Amino acid sequence: MIEKTFITEDYIKKYTPLSQNISAKDIYSNVLVASDLHTQPLLGTNFYNYLLTKYDNKTLSDDEIKLVEYIQPSLAYRSASMTLPFLNFQIKNKGIQTQNGDNSDSVDKSVVSYLKNELDNRAEFYEKRLINYLCDNKDLYPNYTDGNDDDIEPKNDNPYTGGFTFY
């Protein structure tokens, strides 16, 4: 189980293109970074910590459960995007190593970039959806706007920068 985050390994593998045979170890550190870099700025530090504590303790209200359901897809796609480059390349004591199994071939760096861009576009869509939901329902979540003087204030501008993809 991935602790201190709003998603599980099973959630990522079920709802993103990451396959079932990827080790949780390969995903875990990227979920934490995605949470810090992308989810926390959307919620603000205080509200993020408040909600995460309630999620970990399984004490969320019905409204908070609904909010977490908006957070999960964006975090899953951000995590998948951040994991992608490290599935093919790993940093070892001999330097950067390319993974290459008996019945597989490594892909070109441009393919990894293309897939990462697709995952980022999906994450941005769900982040925009989350922001819209929070702005439309801020009365349900008073901690979202109150007491955000700790670290990161909530960011409620449009994160969606994805464009068209031509094949």
Side-chain angles (χ1 to χ4, degrees), residues 1-87 112 114-165:
M1 179 175 160
I2 301 172
E3 296 178 24
K4 300 293 180 196
T5 180
F6 295 104
I7 55 175
T8 63
E9 173 189 356
D10 289 339
Y11 186 95
I12 293 171
K13 290 180 178 181
K14 182 175 181 180
Y15 294 105
T16 72
L18 295 183
S19 71
Q20 292 294 321
N21 64 346
I22 297 173
S23 167
K25 185 181 97 178
D26 292 331
I27 300 171
Y28 181 67
S29 63
N30 295 298
V31 174
L32 296 177
V33 173
S35 294
D36 287 345
L37 293 178
H38 298 283
T39 306
Q40 191 174 158
L42 295 175
L43 301 175
T45 300
N46 289 341
F47 188 49
Y48 172 86
N49 289 333
Y50 164 83
L51 204 58
L52 187 57
T53 299
K54 290 190 77 175
Y55 178 80
D56 286 342
N57 292 331
K58 297 177 180 24
T59 58
L60 293 172
S61 69
D62 289 341
D63 290 330
E64 291 164 342
I65 289 170
K66 185 169 183 165
L67 178 58
V68 168
E69 290 170 353
Y70 276 88
I71 293 167
Q72 289 174 321
S74 65
L75 181 55
Y77 279 108
R78 283 292 181 192
S79 300
S81 172
M82 297 180 96
T83 299
L84 194 63
F86 298 102
L87 294 177
V112 175
Y114 169 76
L115 290 174
K116 187 172 177 358
N117 186 54
E118 288 298 312
L119 293 169
D120 286 339
N121 283 340
R122 292 176 186 190
E124 289 172 2
F125 166 80
Y126 286 111
E127 287 167 355
K128 176 61 178 165
R129 191 170 155 240
L130 169 61
I131 288 170
N132 287 342
Y133 175 78
L134 275 170
C135 289
D136 291 345
N137 295 284
K138 61 184 166 213
D139 293 342
L140 298 175
Y141 309 103
N143 291 347
Y144 174 56
T145 53
D146 293 346
N148 281 305
D149 57 350
D150 252 8
D151 191 8
I152 299 172
E153 298 241 356
K155 177 177 126 183
N156 57 10
D157 59 342
N158 184 356
Y160 190 66
T161 60
F164 293 100
T165 301

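The first residue of the sequence shown is numbered 1, and numbering continues consecutively from there. Here the structure is a predicted model, which means the values were calculated and not measured.
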**Study point:** Separation between CD of Q20 and NZ of K14, rounded to the nearest 0.5 Å
**Key:** 10.0 Å

Check your understanding: Can you find a heavy atom in the side chain of P142 that is under 4.5 Å from one in the side chain of F47?
Key -> no

Sequence neighbours left out, cut at 3.5 Å: what donor-acceptor pairs do the side chains of residues 62-69 make with other protein atoms?
{"residue": "E64", "atom": "OE1", "partner": "K54", "partner atom": "NZ", "Å": "2.9"}
{"residue": "E64", "atom": "OE1", "partner": "S61", "partner atom": "N", "Å": "2.9"}
{"residue": "E64", "atom": "OE1", "partner": "S61", "partner atom": "OG", "Å": "3.4"}
{"residue": "E64", "atom": "OE2", "partner": "Y50", "partner atom": "OH", "Å": "2.9"}
{"residue": "E64", "atom": "OE2", "partner": "K54", "partner atom": "NZ", "Å": "3.4"}

Exercise for review: Scan Y126, Y133, F125, F6 and name whichever one has a ring-ring contact (aromatic ring centres under 6.0 Å, His included) with Y70.
Suggested key: Y133

Practice item. I would like to know whether L42 and L134 meet side chain to side chain contact (heavy atoms under 4.5 Å, CB included); could you show each step before the answer? Key: CA-CA 10 Å; L42 295 175; L134 275 170; 5.8 Å; no

Point to revise | Stepwise side chain to side chain contact (heavy atoms under 4.5 Å, CB included) check, N121 with E124 | key: CA-CA 5 Å; N121 283 340; E124 289 172 2; 4.0 Å; yes

Point to revise | Heavy-atom check, side chain of K25 versus side chain of E9, under 4.5 Å | key: no

Exercise for review: Start with the C-alpha distance between L130 and T39, add both sets of side-chain angles, then the distance that settles side chain to side chain contact (heavy atoms under 4.5 Å, CB included), and finish with yes or no.
Suggested key: CA-CA 10 Å; L130 169 61; T39 306; 5.6 Å; no

Review point. Are P17 and R122 close enough that some pair of their side-chain heavy atoms sits under 4.5 Å apart?
Key: yes

Exercise for review: To the nearest 0.5 angstrom, please state how far the NZ atom of K128 sits from the OG atom of S74.
Suggested key: 13.5 Å

Practice item. For V33 and M82, work out which heavy atoms get closest and say how close. Key: CG1-CE, 3.3 Å

Exercise for review: State whether a side-chain donor-acceptor pair under 3.5 Å links Q40 with T45.
Suggested key: yes

Review point. Got a second to check how far D120's CG is from R78's CZ, nearest 0.5 Å?
Key: 5.0 Å

Exercise for review: Calculate, to the nearest 0.5 Å, the distance between atoms CD and OG1 belonging to Q72 and T5 respectively.
Suggested key: 9.0 Å

Exercise for review: Report the distance from atom CD1 of I27 to atom CG of L84, rounding to the nearest 0.5 Å.
Suggested key: 11.5 Å

Exercise for review: Using modelled atom types only, decide if a donor and an acceptor are shared between the side chain of S79 and the backbone of L75 within a distance under 3.5 Å.
Suggested key: yes

Check your understanding: How far does OG1 of T16 sit from CD1 of I22, to the nearest 0.5 angstrom?
Key -> 7.5 Å

Point to revise | Heavy-atom side-chain proximity of P85 to K116 below 4.5 angstrom | key: yes

Exercise for review: For atom OH of Y15, decide whether the heavy atoms of other residues, nucleotides or ligands shown that lie under 6.0 angstrom number more than 12.
Suggested key: no

Review point. Are any non-hydrogen side-chain atoms of Y55 and L51 less than 4.5 angstrom apart?
Key: no

